[in-house]
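Only heavy atoms go into these numbers, but all of them, side chains included; no hydrogens, no water, no symmetry mates.
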Amino acid sequence: MSHKNKGKGKEKVAEDSSPQSFKEQGNKCFELGDFKQAIQWYTKGIEEDPTNHILYSNRSAAYLILKGVDQAIEDAKKCIEIAGEQFPKGYIRLADAFILKGEFDEAISVYNKCLSFSQSVAGLNQICEIGKLNAEVKKFYEPTIKLQNYGLEVK
């Protein structure tokens with residue numbers, strides 16, 4: 001394998017141009033904190049295999065970290081469209097993106113959907129419950145946080 005390495009996680013030219021190889025390169029960049037480069041690798045994988053739900057899920061996670069909320073939502077929805085209930089992580093990515101966007105009711109709705117089929121996956125039920133609770137708490141405190149952001153005192 002030939003490499004063109006310009007620092008942490010920077011683009012490497014891989015002889016293997018399979019979606020799996022692109023996913024692995026993206027995962028390496030993700031682990032190194034180079035989320036923009038990870039997105040580029042996941043995108044290359046999606047171009048090769050647009051039905052690979054894991055690539056959409058991983059790219060959604062990278063977009064979330066970079067605060068690219070709309071892109072994260074789009075990728076999470078695509079992941080769900082492809083894999084449905086067989087890959088609950090897509091629902092969690094979507095709910096997390098809705099929380100980041102401040103769309104708490106949407107997030108709660110997605111967590112409820114995930115809870116409806118999460119019983120069969122160990123630990124997933126707790127993840128969905130915690131996520132849902134997080135969204136409910138943020139929704140409750142949102143008006144107070146907005147007032148504080150404008151420098152208004154809340155009593």
Side-chain angles (χ1 to χ4, degrees), residues 8-12 14 16-149:
K8 80 169 187 180
K10 292 299 178 196
E11 186 161 349
K12 298 175 189 83
D16 180 5
S17 61
S18 70
Q20 180 63 28
S21 174
F22 291 138
K23 180 177 87 75
E24 290 168 4
Q25 290 295 334
N27 289 350
K28 286 178 188 175
C29 292
F30 194 101
E31 289 171 15
L32 291 170
D34 191 349
F35 305 110
K36 288 181 181 178
Q37 188 64 44
I39 289 168
Q40 289 180 4
W41 283 113
Y42 297 139
T43 300
K44 287 180 181 183
I46 289 167
E47 289 168 356
E48 292 295 317
D49 181 6
T51 64
N52 187 322
H53 64 281
I54 294 172
L55 289 166
Y56 286 101
S57 175
N58 290 1
R59 192 170 71 173
S60 178
Y63 277 130
L64 269 173
I65 291 169
L66 295 175
K67 308 289 191 247
V69 180
D70 291 331
Q71 297 96 328
I73 289 171
E74 183 179 324
D75 278 355
K77 285 181 176 180
K78 186 66 177 178
C79 175
I80 292 167
E81 177 186 316
I82 295 167
E85 295 176 7
Q86 301 302 314
F87 192 73
K89 193 183 281 188
Y91 290 88
I92 294 168
R93 299 259 193 258
L94 181 59
D96 288 347
F98 280 137
I99 288 173
L100 194 58
K101 192 170 184 176
E103 294 181 7
F104 305 113
D105 288 332
E106 289 290 331
I108 292 166
S109 174
V110 172
Y111 279 123
N112 282 333
K113 173 122 175 105
C114 193
L115 282 167
S116 72
F117 58 82
S118 67
Q119 304 301 324
S120 61
V121 181
L124 183 62
N125 195 43
Q126 290 85 357
I127 291 170
C128 291
E129 285 290 353
I130 291 168
K132 181 181 169 189
L133 181 60
N134 180 34
E136 289 170 345
V137 168
K138 287 184 177 189
K139 178 183 175 185
F140 179 79
Y141 285 107
E142 182 185 28
T144 302
I145 292 168
K146 284 183 177 177
L147 290 174
Q148 289 171 340
N149 288 341

Exercise. Check salt bridge (Lys or Arg N to Asp or Glu O under 4.0 Å) between Asp49 and all other residues, then give those that pass, not counting sequence neighbours.
Key: none
Quiz item: Could you give all pairs that pass the side chain to side chain donor-acceptor pair (under 3.5 Å) test and reach residues 82-94, with sequence neighbours left out?
Solution: Ser57-Arg93
Exercise. Sequence neighbours left out, what passes salt bridge (Lys or Arg N to Asp or Glu O under 4.0 Å) with Lys77? Give chain and number order.
Key: none
Practice problem: Can you sort out the partners of Lys78 under salt bridge (Lys or Arg N to Asp or Glu O under 4.0 Å), two or more places apart, ordered by chain and number? | Solution: Glu81
Exercise. For residues Ala62 and Ile39, report the shortest heavy-atom separation together with the two atoms involved.
Key: CB-CG1, 3.5 Å
Quiz prompt | Non-neighbouring partners of Lys101 that pass side-chain hydrogen bond (donor to acceptor under 3.5 Å, both in side chains), sequence neighbours left out | solution = Asp70
Quiz item: Any side-chain heavy atom of Phe22 sitting closer than 4.5 Å to one from Tyr42?
Solution: no
Exercise. Decide yes or no for Ile54 and Asn58: does some side-chain heavy atom of the first lie under 4.5 Å from some side-chain heavy atom of the second?
Key: yes
Quiz prompt | ring pair (Phe, Tyr, Trp, His ring centres under 6.0 Å) partners of Tyr111, counting only residues at least two apart | solution = none
Quiz item: Going by the ring pair (Phe, Tyr, Trp, His ring centres under 6.0 Å) test, which pairs reach into residues 47-84, not counting sequence neighbours?
Solution: His53-Phe87
Self-check item: Residues which pass side-chain hydrogen bond (donor to acceptor under 3.5 Å, both in side chains) with Glu47, listed by chain and number, not counting sequence neighbours
Solution: none
Self-check item: Partners meeting side-chain hydrogen bond (donor to acceptor under 3.5 Å, both in side chains) with Asn112 (sequence neighbours left out)
Solution: Lys132
Quiz prompt | Test side-chain hydrogen bond (donor to acceptor under 3.5 Å, both in side chains) applied to Glu136 - qualifying residues, sequence neighbours left out | solution = none
Quiz item: What residues form a salt bridge (Lys or Arg N to Asp or Glu O under 4.0 Å) with Glu106, not counting sequence neighbours?
Solution: none
